[in-house]
Engineer: 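First, the structure itself, so that you have it in front of you.
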Amino acid sequence: MYQSWKSLGLLRNMLHLVALLLILVLPFADPMWHPETVYELFMGAIIPATAPIVFVVIMFDVLMSSVMKSGYESDETLYFGRVIKWHLAIGFTLLAMWFLSFTDALFL
């Protein structure tokens with residue numbers, strides 16, 4: 001599994017690490033309208049706003065990987081299929097954690 005993830009490339013791995021960091025931090029984030037301290041700003045505004053942006057970037061890479069997958073032969077299609085599976089697993093986990101942290105703020 002580690003070799004599969006490592007074979008995706010440096011930029012995709014860094015994107016996954018950012019997403020995993022957000023997944024770990026999002027349960028502690030509490031969305032705020034008027035943060036007063038740096039910690040409240042970070043946990044109440046920056047982290048919750050960054051998670052959907054990272055999700056969109058992951059989904060753009062899924063789109064580009066599926067486009068690239070359609071133009072290659074069997075070896076490359078296996079690689080891009082692996083990329084898409086990893087992106088979807090991490091991306092939807094990130095989205096689920098974002099929804100769990102924003103349940104109170106979204107659905108009053």
Side-chain angles (χ1 to χ4, degrees):
M1 186 165 115
Y2 176 72
Q3 287 298 89
S4 172
W5 179 75
K6 190 177 173 185
S7 71
L8 298 181
L10 180 64
L11 292 177
R12 286 187 176 114
N13 289 339
M14 290 187 337
L15 181 62
H16 288 167
L17 289 176
V18 168
L20 290 173
L21 177 71
L22 289 171
I23 288 168
L24 294 174
V25 174
L26 272 170
F28 305 107
D30 185 27
M32 296 182 184
W33 287 104
H34 303 290
E36 296 177 4
T37 66
V38 174
Y39 178 78
E40 288 178 351
L41 177 68
F42 190 71
M43 295 303 284
I46 294 173
I47 294 292
T50 306
I53 295 169
V54 171
F55 176 76
V56 168
V57 171
I58 290 172
M59 291 302 115
F60 279 146
D61 198 35
V62 167
L63 175 68
M64 292 310 297
S65 296
S66 63
V67 168
M68 296 295 286
K69 181 180 173 181
S70 67
Y72 281 107
E73 296 299 324
S74 64
D75 289 341
E76 289 84 7
T77 56
L78 292 174
Y79 168 74
F80 286 116
R82 191 173 343 119
V83 168
I84 291 169
K85 287 177 187 174
W86 274 102
H87 278 337
L88 291 177
I90 291 176
F92 284 116
T93 304
L94 175 64
L95 188 65
M97 292 307 294
W98 186 81
F99 273 124
L100 286 175
S101 0
F102 268 85
T103 302
D104 294 334
L106 291 175
F107 308 108
L108 304 172

Engineer: For residues E40 and D30, determine if any side-chain heavy atom of one lies less than 4.5 Å from a side-chain heavy atom of the other.
Structural biologist: no
Engineer: Can you name the nearest heavy-atom pair linking I23 to I90, along with the distance?
Structural biologist: CD1-O, 4.0 Å
Engineer: Tell me whether V25 shares a hydrophobic cluster with I53, the cluster being built from Ile, Leu, Val, Met, Phe, Trp, Tyr side chains joined at under 4.5 Å.
Structural biologist: no
Engineer: Might you point out which heavy atoms bring L95 and F55 nearest each other, and give the distance in Å?
Structural biologist: CD2-CZ, 3.8 Å
Engineer: Tell me, do E76 and M68 make a side-chain contact under 4.5 Å, heavy atoms counted?
Structural biologist: no
Engineer: Work out which heavy atom in L26 is nearest to a heavy atom in P48; give both atom names and the distance.
Structural biologist: CD2-CA, 4.4 Å
Engineer: Spell out, yes or no, whether L21 and I46 are grouped together once hydrophobic residues are joined by side-chain heavy atoms under 4.5 Å, including indirect joins.
Structural biologist: yes
Engineer: Any donor-acceptor pair under 3.5 Å linking the side chain of S65 with the backbone of I84?
Structural biologist: no
Engineer: With rounding to the nearest 0.5 Å, note down the distance linking NZ in K69 to CG in L78.
Structural biologist: 8.5 Å
Engineer: Could you see if L24 belongs to whatever hydrophobic cluster contains L15? Use Ile, Leu, Val, Met, Phe, Trp, Tyr and a side-chain cutoff under 4.5 Å.
Structural biologist: no
Engineer: Quick check for you: to the nearest 0.5 Å, what is the distance between M97 atom CE and L20 atom CG?
Structural biologist: 11.5 Å
Engineer: Just to verify, what does F42 make a ring-ring contact (aromatic ring centres under 6.0 Å, His included) with, not counting sequence neighbours?
Structural biologist: none
Engineer: Do Y79 and L63 share a hydrophobic cluster, counting only Ile, Leu, Val, Met, Phe, Trp and Tyr and linking them when any side-chain heavy atoms are less than 4.5 Å apart?
Structural biologist: no
Engineer: Give, for atom CH2 of W86 and atom CD1 of I58, the distance between the pair rounded to the nearest 0.5 Å.
Structural biologist: 12.0 Å
Engineer: How many angstroms lie between NE2 in H87 and CE in M64, if you round to the nearest 0.5 Å?
Structural biologist: 11.5 Å
Engineer: Could you report the tightest heavy-atom contact between T93 and A89, atom names first, then the distance?
Structural biologist: OG1-O, 2.6 Å
Engineer: Could you tell me if the side chain of L41 sits less than 4.5 Å from the side chain of E36, heavy atoms only?
Structural biologist: no
Engineer: Count I, L, V, M, F, W, Y as connected when their side-chain heavy atoms are under 4.5 Å apart, and connections chain through other members. Are L17 and V83 then in the same cluster?
Structural biologist: yes
Engineer: Is the shortest side-chain heavy-atom distance between V18 and L22 below 4.5 Å?
Structural biologist: yes
Engineer: Restricting to non-hydrogen atoms, name the atom on A29 and the atom on I47 that form the minimum distance, rounded to 0.1 Å.
Structural biologist: CB-CG2, 4.3 Å
